[in-house]
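Report on one structure; see the data block that follows.
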Number of protein chains: 2
Amino acid sequence: MIFRLNPSSGIPLYLQLIEQVKHAVETGALHEGDQLPTIRKVAVDLVMNPNTVVRAYRELEHEGIVELKHGSGAFIRESAGGRARVMRKAQALMQSALERLAPLGLTEDELRRVFENELAQSRAARQLEGKP
Amino acid sequence: MIFRLNPSSGIPLYLQLIEQVKHAVETGALHEGDQLPTIRKVAVDLVMNPNTVVRAYRELEHEGIVELKHGSGAFIRESAGGRARVMRKAQALMQSALERLAPLGLTEDELRRVFENELAQSRAARQLEGKP
DNA sequence: TGTAGTGTATCACTATACTAGTACACTTCG
DNA sequence: CGAAGTGTACTAGTATAGTGATACACTACA
């Protein structure tokens, strides 16, 4: 695992790290049990503060993708493999959805809005299931 | 048009205003040519600074939904009606897409990630069309 | 057992997002 | 033409996000 950051993209460094780890897991570049590069190593290699790397790793831990072991390192969780497969399936479904949406000629921001609306919609629907 | 804000939602006030105007246009509550409430009126009614309302209205203007006329008011653009129809069509497509994705059991954040990935993907594909 | 290597914790700095205060300029219409 | 009502422009304060400096604590292994 080797990171490649774009400092002038406007995207926070820690988010770029998170994104790259997730991508590596989903493409199979990282497998369950694999050790991630050390916090210090990443910080030195990319010339940034260890805390920024920590922030990325802790977020990944919180999402259940990474396990941090005090004193020994950061590792890919065992459950990550299954997740990767599901995500690839989802990616395929989303692609065909966007292909159907493309002819409408919406901007990316409009598409985001439509997506968020629908997400909120189905969230609300899910809430109601257990109520009546 | 009457706004209803939630000050403790964490969502910036100006974004809430934008959202509500867009929603009103898409549902037909606001039609082409309709005048929006005055900047000052909104500011007074909702107990906030006029500048915050301005920010919302100017963003809506930038997106082509609203037209600001110096000295007379803010109005819904003529093009807004067509946009509303397209957005409703898109909403329907997005709904069926999310219904197909639901069985995979992804979290909302994971769905957002899948969506953004695919958006970037199709953006890249579009870039290549004119190149070779 | 001790040392090198690992993650952890606390505090601080800086840029940016958001909101606010206040004065200005244009339009309308009696 | 002038007064009331509208959007505009400029300046500034405050909260939060992002990043950094540095010291601490645990683990593995020779």
Side-chain angles (χ1 to χ4, degrees), chain A residues 1-21 30 33-77 80 109 112, chain B residues 1-21 30 33-77 80 109 112:
Chain A
M1 182 80 213
I2 169 173
F3 295 105
R4 189 103 191 82
L5 297 190
N6 179 354
S8 59
S9 69
I11 301 173
L13 303 177
Y14 80 99
L15 285 182
Q16 295 189 40
L17 292 178
I18 290 174
E19 158 61 29
Q20 293 191 26
V21 171
L30 279 178
D34 281 358
Q35 178 168 8
L36 288 171
T38 286
I39 288 178
R40 276 176 188 73
K41 181 173 189 337
V42 174
V44 169
D45 287 357
L46 303 181
V47 195
M48 62 177 164
N49 196 281
N51 277 328
T52 304
V53 187
V54 169
R55 179 157 185 184
Y57 280 17
R58 281 189 62 83
E59 170 73 23
L60 286 165
E61 181 183 41
H62 188 259
E63 293 187 30
I65 299 171
V66 159
E67 181 171 6
L68 292 174
K69 294 183 183 171
H70 195 171
S72 53
F75 304 86
I76 302 296
R77 264 265 170 74
D109 281 344
R112 283 193 187 89
Chain B
M1 182 82 213
I2 169 171
F3 296 105
R4 190 103 191 83
L5 298 189
N6 179 354
S8 59
S9 69
I11 301 174
L13 303 178
Y14 80 99
L15 285 182
Q16 295 189 39
L17 292 179
I18 290 174
E19 157 61 28
Q20 294 190 24
V21 171
L30 280 178
D34 280 359
Q35 177 167 8
L36 289 171
T38 288
I39 288 178
R40 276 176 188 73
K41 181 173 189 339
V42 175
V44 170
D45 286 358
L46 303 181
V47 196
M48 62 177 164
N49 197 281
N51 277 325
T52 305
V53 187
V54 169
R55 180 159 184 183
Y57 280 16
R58 281 188 62 83
E59 171 73 23
L60 286 165
E61 180 182 42
H62 189 259
E63 293 186 31
I65 299 171
V66 159
E67 181 172 4
L68 291 175
K69 294 184 183 171
H70 194 171
S72 52
F75 304 86
I76 302 297
R77 265 263 169 75
D109 281 344
R112 284 193 186 89

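Below, chain A is the first sequence line, B the second, and so on; all start at residue 1.
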Q.
Applying salt bridge (charged side-chain N to carboxylate O under 4.0 Å, His left out), can you list everything that pairs with B:Arg58, at least two apart in sequence or on another chain?
A. none
Q.
My understanding is that only residues two or more places apart in sequence, or in another chain, count here; which of them pass salt bridge (charged side-chain N to carboxylate O under 4.0 Å, His left out) with A:Arg112?
A.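 For A:Arg112 the salt bridge (charged side-chain N to carboxylate O under 4.0 Å, His left out) partners, ignoring immediate neighbours, are A:Glu108, A:Asp109, B:Glu116.
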For residues 59-74 of chain A, please give each side-chain donor-acceptor pair under 3.5 Å, one per line with the distance, not counting sequence neighbours.
residue	atom	partner	partner atom	Å
A:Glu63	OE1	A:Lys22	NZ	2.8
A:Glu63	OE2	A:Lys22	NZ	3.4
A:Ser72	OG	A:Lys69	O	3.4

(Q) Can you pull out every salt bridge (charged side-chain N to carboxylate O under 4.0 Å, His left out) where at least one residue sits in residues 8-19 of chain B? Sequence neighbours excluded, please. (A) A:Arg113-B:Glu19
Every protein N/O within reach of nucleotides 2-10 of chain D N/O, cut-off under 3.5 Å:
residue	atom	partner	partner atom	Å
D:dG5	N2	B:Gly71	O	3.1
D:dT6	OP1	B:Thr38	OG1	2.9
D:dT6	O5'	B:Thr38	OG1	3.3
D:dT6	O4	B:Arg40	NH2	3.4
D:dG7	OP1	B:Ala74	N	3.4
D:dG7	OP2	B:Ile39	N	3.0
D:dG7	N7	B:Arg40	NH1	2.9
D:dG7	O6	B:Arg40	NH2	2.5
D:dG7	N3	B:His70	NE2	3.4
D:dA9	N6	B:Asn51	OD1	3.1
D:dC10	N4	B:Asn51	ND2	3.4

Whole-Å gap separating [atom2] ([N]) and [atom1] ([X]):
{"X": "A:His62", "N": "C:dG7", "atom1": "NE2", "atom2": "P", "answer": "20 Å"}
{"X": "B:Asn49", "N": "D:dA15", "atom1": "CG", "atom2": "C1'", "answer": "16 Å"}
{"X": "A:Glu67", "N": "C:dT6", "atom1": "CD", "atom2": "P", "answer": "17 Å"}

**Q.** Residues which pass side-chain hydrogen bond (donor to acceptor under 3.5 Å, both in side chains) with B:Arg55, listed by chain and number, not counting sequence neighbours
**A.**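 For B:Arg55, the residues satisfying side-chain hydrogen bond (donor to acceptor under 3.5 Å, both in side chains) (neighbours in sequence not counted) are B:Tyr14.
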Q) Considering residues at least two apart in sequence or located in another chain, which fulfil the side-chain hydrogen bond (donor to acceptor under 3.5 Å, both in side chains) criterion with B:Asp45? A) B:Lys41
(Q) Suppose we screen for side-chain contact (heavy atoms from CB on, under 4.5 Å). Which residues come up paired with A:Leu5, at least two apart in sequence or across chains? (A) A:Leu13, A:Gln16, A:Leu17, A:Gln20, A:Leu46, A:Met48
Give me the distances for all protein-to-nucleotides 16-18 of chain D N/O pairs that come in under 3.5 Å?
residue	atom	partner	partner atom	Å
D:dG18	OP2	A:Tyr14	OH	2.8
D:dG18	OP2	A:Arg55	NH2	3.2

Q) So, B:Thr38 side chain and B:Arg40 main chain: donor-acceptor pair closer than 3.5 Å or not? A)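 No; judged by distance alone, with no hydrogens or angles, the pair does not exist.
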